[in-house]
2 protein chains.
Amino acid sequence: MNVMEHLLSHIKNYYTLSDEAQQALFDCFTKVTAFKNELLITEGSICRELYFLEQGALRGFYNVDGKEITHWFGFENDFVTSFHSFITGKPAVENIQLIENSTLWSISKNALTALFNQYHEVERLVRIVYERYYIRLEERYVNAQFKTAKELYENLLKQSPHILERVPLGYVASYLGISQETLSRIRGRL
Amino acid sequence: MNVMEHLLSHIKNYYTLSDEAQQALFDCFTKVTAFKNELLITEGSICRELYFLEQGALRGFYNVDGKEITHWFGFENDFVTSFHSFITGKPAVENIQLIENSTLWSISKNALTALFNQYHEVERLVRIVYERYYIRLEERYVNAQFKTAKELYENLLKQSPHILERVPLGYVASYLGISQETLSRIRGRL
DNA sequence: TTTAATTTTTGACAAAGATCAAAAACAAAA
DNA sequence: TTTTGTTTTTGATCTTTGTCAAAAATTAAA
């Protein structure tokens, strides 16, 4: 399967585009390679690109009182960006950093906006992507609200074991909203 | 200002529709009145309606181990529904309950889908609403992740004092992810 | 009003998790 | 291999918040 097919077959999980719109969409994407620990997006800068992560892993994090708070991870087939900055056009408040060497596809906000005007169906696709991302975030939020540290870990182990396999524990702890020591202890007595 | 103008002027905060699309959209809305403590949506049932809250207040909550976990509030000019159920068509896992007697406007998912097909611009409007709702949720999520109970309360007091004025403390505590007693103590020593 | 019901606050104690510091384990490079 | 750097674990202690129970305050109803 070539790269175009890869991206397009994933998009079909959301909505099936006409051949013409598919082609137009694909023409707007540029390949990007980025390396472990590199920052894809830095707080303070305006993020005008949406990325599709073909291969690799990365994280979004905030700097709060000198500490890094990881709040999400991205893996294969995720759309990633600093949504706040991308949507509002304001400077990003978060950083996005590579956890592994990765291959991404990038589309600019301008190009995407132009596509919306040309192809209703592309806007529909994006509307559906937002719907799904919204409920995914909602789920995580509610989960975090009333679960204990142990339950959060067990949940993660069950739902997204790949995260634990590919991501340093320190990041995972902060992602779960607990200290690294607590996470380590939970792992110890399971 | 009559009711149609109220709804439409609010929608303009997101995207300005043509007169024709405005009219078509408005024709799909039905007025709903609901009373304090009533359940607008009950877990287990499928929610096929999206509501615009014209006047009043309500909350979304989950039942977990016999406890009610409030995870959001809705006030004037909010679009509300069980998004998970509305989007996926699966049974709702949450309940939506009136906190005050309220006036809402309801549109069915079928009607909205039909409008999407007829008017690209309506789908654009909804895409933009989702964008905004997504980043609003993201903000709340990150906030909850690294703030202490006291900071969360002070934040709420500053950002959304209306919540504290209109909502019983027990609901607010659960919304902040802390116990009612802790919230009461925080308020005491400020 | 007086009574009843509900909501909020207070107190005492328990538990979960955070923090600081150091040791151990692991990985990468020389 | 040894050395060096990084990540993870362990131990001791401190804080924050939760829980249970009862009192006080507030609101609604009779």
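Order of the sequence lines fixes the chain letters, A, B, ..., with proteins taken first and strands second; residue numbering starts at 1 for each chain.
Between B:Arg187 atom CZ and D:dT26 atom C1' the separation is 13 Å, expressed in whole Å. Rounded to whole Å, the distance from CD on A:Glu181 to C1' on D:dA12 is 13 Å. Counting to the nearest Å, the P atom of D:dT27 and the CG atom of B:Leu169 are 12 Å from each other. At whole-Å resolution of the value, CD in B:Gln180 and C1' in D:dA25 are 13 Å apart. At whole-Å resolution of the value, CZ in B:Arg185 and P in D:dT19 are 12 Å apart. Counting to the nearest Å, the P atom of D:dG18 and the CD1 atom of B:Ile178 are 6 Å from each other.
Under the 3.5 Å distance criterion, the side-chain polar atoms of B:Ser85 are matched with a main-chain donor or acceptor of B:Lys90.
Position along DNA chain D of the nearest nucleotide to B:Ser179 versus A:Thr182 favours A:Thr182 as the more 5'-ward residue. Position along DNA chain D of the nearest nucleotide to A:Tyr171 versus B:Thr148 favours A:Tyr171 as the more 5'-ward residue.
Between B:Arg166 and B:Glu76 a salt bridge is recorded (basic side-chain N to carboxylate O distance below 4.0 Å). Under 4.0 Å is where a charged nitrogen must lie from a carboxylate oxygen, and between A:Arg127 and A:Glu131 at least one such pair does. Checked for salt-bridge contact, B:Arg124 and A:Glu123 meet the test: a charged N lies under 4.0 Å from a carboxylate O.
Here A:Leu183 lies out of heavy-atom contact (under 4.0 Å) with every strand. A:Lys67 comes within contact range of the sugar-phosphate backbone alone, with a heavy-atom separation under 4.0 Å but no base atom that close.
B:Ser106 and B:Glu49 are linked by a side-chain donor-acceptor pair at a separation below 3.5 angstrom, with hydrogens and angles left out of the test. When only modelled atom types and interatomic distance are considered, A:His84 and B:Glu138 share no side-chain donor-acceptor pair under 3.5 Å.
Protein chain B touches strand DNA chain C; the 5'-most and 3'-most nucleotides with an atom under 4.0 angstrom of its non-hydrogen atoms are C:dT8 to C:dA12.
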